[in-house]
**Q** 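Here it is, the structure, as structure tokens.
Numbers here simply count residues along the sequence, with the first being 1. If you're wondering where the values come from, they're calculated on a predicted model, not measured in any experiment. Just follow the structure's listing: the first ligand is 1, and inside any ligand the first atom is 1.
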Amino acid sequence: MHLIDHGKGGAPECMQLVVGGVPAPQAGEILIQVVCAGVNRPDVLQRAGKYPPPTGASPILGLEVAGRVATLGAGVTEWKVGAGVTALVPGGGYAEYCTAPACHALPIPQGMDFAQAAALPENWFTVWANLVDLGRLTAGERLLVHGGASGIGLTAIHLAKHLGIECIVTVGNDSKAQFCLAFGAAHAINYRTADFAEQIRILTDGAGVDVVLDMVGAPYFQRNLSLLRRDGRLVSIAFLEGSRGEFDLLPIMMKRLTCTGSTMRSRTVEEKKAIRDALAAAIWPRLTRGDLLPHIFARFPLAQAAAAHQLMESGKHIGKIVLDVAT
Ligand SMILES: NC(=O)c1ccc[n+]([C@@H]2O[C@H](COP(=O)([O-])OP(=O)(O)OC[C@H]3O[C@@H](n4cnc5c(N)ncnc54)[C@H](OP(=O)(O)O)[C@@H]3O)[C@@H](O)[C@H]2O)c1
């Protein structure tokens with residue numbers, strides 16, 4: 001099969017299309033003939049040598065795929081050969097064939113193509129686990145999402161829409177702000193031209209927000225705490241601007257705040273299955289109705305994975321970048 005090899009890692013150009021062996025599905029796994037693979041920021045980190053794959057995972061990049069079930073591992077009864085699926089995978093997505101635990105796959109929502117389906121798993125698993133399970137986001141609350149125009153950010157806007165929650169986002173330019181508003185955000189703040197904390201205090205008459213989804217880290221920590229209401233929750237999913245600093249932790253105690261966070265990749269097969277089952281029940285029926293469609297900003301052939309990563313690193317994209325794997 002053709003696959004992307006990133007060798008010892010480095011700049012995007014380290015990724016080369018090569019020929020390698022087709023992986024064999026283990027018991028409980030399916031082999032997927034990949035049609036499209038999603039590109040995610042963690043792939044960029046792994047390629048650069050900053051996010052090694054967990055033990056036992058494929059060293060090939062790629063955390064989500066959509067395609068057709070090619071073969072079944074021992075004991076798999078949930079899927080049939082030929083079924084269209086989209087799956088969260090611990091690695092191996094930038095390839096013509098990829099194995100996945102059968103219990104981490106979902107059907108391709110009716111009416112969606114393979115590119116749209118490949119754009120779903122990493123963002124929806126992450127957003128659900130962090131905002132619903134850890135963040136305990138509840139109807140009637142108010143949510144702040146940093147990086148609102150990222151793949152994760154747009155999915156969080158859709159989750160807020162699904163739950164009936166007011167969602168405020170921060171973004172790095174005005175066109176991203178316009179896009180997020182059209183996508184369903186109640187307010188979008190350009191953090192380069194305004195202090196987001198001041199703006200949110202004005203927008204909410206000083207009330208603040210119930211939950212913050214953060215990917216920026218240390219420079220935002222104090223302001224995030226200041227915006228949280230009593231019993232508020234700060235959920236960290238990345239530290240794009242660093243994880244260390246000097247902070248006043250008093251608001252945590254005075255407002256009974258919860259600071260939490262997680263990574264998706266390190267979760268157990270069972271933990272990811274529970275998230276898959278929750279998404280199948282709550283979100284997949286809405287996707288099938290044509291609701292909550294992901295936004296695909298750009299598609300590249302698998303051989304041009306380097307161009308896909310260059311685009312992601314430029315930060316010019318809004319939403320998802322997808323690789324077309326099947327030729
Ligand atoms: N914990 C987990 O399980 C998990 C899983 C998946 C993804 N993530 C994290 O979630 C974040 C979003 O992922 P994604 O795949 O949706 O990526 P993405 O589309 O590339 O989004 C990254 C966003 O971060 C914003 N940003 C702010 N400061 C930045 C900086 N210093 N450098 C680069 N971007 C910066 C950019 O928006 P502006 O232009 O508006 O600043 C950009 O939209 C990433 O940090 C990723 O590592 C975490």
**Q** Return yes when atom CZ of Phe125 has more than 12 non-hydrogen atoms of other residues, nucleotides or ligands closer than 6.0 Å, and no otherwise.
**A**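 Atom CZ in Phe125 is packed in, count exceeds 12.
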**Q** Starting from atom 39 (O) of ligand 1, locate the nearest protein heavy atom and write down its residue, its atom name and how far away it is, to 0.1 Å.
**A**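 Here the nearest protein heavy atom works out to Lys176 NZ, 2.6 Å.
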**Q** Among protein heavy atoms, which lies nearest atom 30 (C) of ligand 1, and at what distance?
**A**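 The answer is Glu241 OE2, 3.7 Å.
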**Q** Look at Glu64 together with Arg265 and state whether they make a salt bridge at an N to O cut-off of under 4.0 Å.
**A**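 Between Arg265 and Glu64 there is no salt bridge, as every charged N stays at least 4.0 Å from the carboxylate O atoms.
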**Q** According to the interplanar angle, ranging from 0 to 90°, do the rings of Phe183 and Phe179 count as parallel (below 30°), tilted (30 to 60°) or perpendicular (above 60°)?
**A**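 The rings of Phe183 and Phe179 lie parallel, inter-plane angle below 30°.
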**Q** Hey, which atoms in ligand 1 end up nearer than 4.0 Å to a heavy atom of Gly151?
**A**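 Every atom of ligand 1 under 4.0 Å from some heavy atom of Gly151: 16 (O), 19 (O).
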**Q** Can you see whether Lys176 engages Asn190 through a side-chain donor-acceptor pair at a distance of less than 3.5 angstrom?
**A**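 Checked: Lys176/Asn190 side chains show no N/O donor-acceptor pair below 3.5 Å.
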**Q** Do Asp43 and Arg47 sit within salt-bridge range, that is, some charged N less than 4.0 Å from a carboxylate O?
**A**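 Judged by the 4.0 Å cut-off on N to carboxylate O distance, Asp43 and Arg47 do not form a salt bridge.
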**Q** Select one of side chain, backbone, both or neither to describe which atoms of Met264 lie under 4.0 Å from any atom of ligand 1, heavy atoms only.
**A**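 Both of them.
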**Q** Starting from atom 8 (N) of ligand 1, what is the nearest protein heavy atom, named by residue and atom, and what distance separates them?
**A**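 Here the closest protein heavy atom is Ile237 O, 4.0 Å.
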**Q** Quick one: nearest non-hydrogen protein atom to atom 43 (O) of ligand 1, plus distance?
**A**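 For this ligand atom, the closest protein heavy atom is Ser150 CB, 3.6 Å.
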**Q** Considering non-hydrogen atoms of the protein only, which is the closest contact for atom 6 (C) of ligand 1, and what is the distance?
**A**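 Here the nearest protein heavy atom works out to Glu122 OE2, 3.2 Å.
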**Q** With heavy atoms under 4.0 Å as the rule, classify the contact between Ala238 and ligand 1 as side chain, backbone, both or neither.
**A**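 Within the 4.0 Å criterion, Ala238 contacts ligand 1 through side-chain atoms alone.
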**Q** Assess whether a salt bridge exists between Glu141 and Arg233, defined as any Lys/Arg side-chain N lying under 4.0 Å from an Asp/Glu carboxylate O.
**A**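 Yes, charged N to carboxylate O under 4.0 Å.
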**Q** So, are Arg142 and Asp210 salt-bridged, with charged N and O less than 4.0 Å apart?
**A**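 Judged by the 4.0 Å cut-off on N to carboxylate O distance, Arg142 and Asp210 do not form a salt bridge.
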**Q** Who's the nearest protein heavy-atom neighbour of atom 40 (O) of ligand 1, and how far?
**A**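 I find the closest protein heavy atom is Gly172 N, 2.7 Å.
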**Q** Heavy-atom pairs closer than 4.0 Å: do any link ligand 1 to the side chain of Ala129, the backbone, both, or neither?
**A**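 No part of Ala129 is near ligand 1 at this cut-off.
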**Q** Return the set of residues passing salt bridge (Lys or Arg N to Asp or Glu O under 4.0 Å) with Arg299 (not counting sequence neighbours), or none when no residue passes.
**A**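 Result, salt bridge (Lys or Arg N to Asp or Glu O under 4.0 Å) vs Arg299: Asp324.
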**Q** Could you tell me the residue and atom name of the protein heavy atom closest to atom 35 (C) of ligand 1, and the distance to it rounded to 0.1 Å?
**A**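 Among all protein heavy atoms, the one nearest atom 35 (C) of ligand 1 is Leu240 CD1, 3.5 Å.
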**Q** Considering only the protein, which heavy-atom contact is closest to atom 33 (C) of ligand 1, and what is its distance?
**A**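 Ranked first by proximity to atom 33 (C) of ligand 1 is Arg41 NH1, 3.8 Å.
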**Q** Decide whether the shortest distance between a heavy atom of His317 and an atom of ligand 1 is less than 4.0 Å.
**A**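 Yes, His317 has a heavy atom closer than 4.0 Å to ligand 1.
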**Q** Would you please test Asn224 and His146 for side-chain hydrogen bond (donor to acceptor under 3.5 Å, both in side chains) and show each step?
**A** CA-CA 10 Å; Asn224 285 337; His146 295 299; 2.9 Å; yes
**Q** Can an N or O of Arg265 be found at a distance shorter than 3.5 Å from an N or O of ligand 1?
**A**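 Arg265 vs ligand 1: no N/O contact under 3.5 Å.
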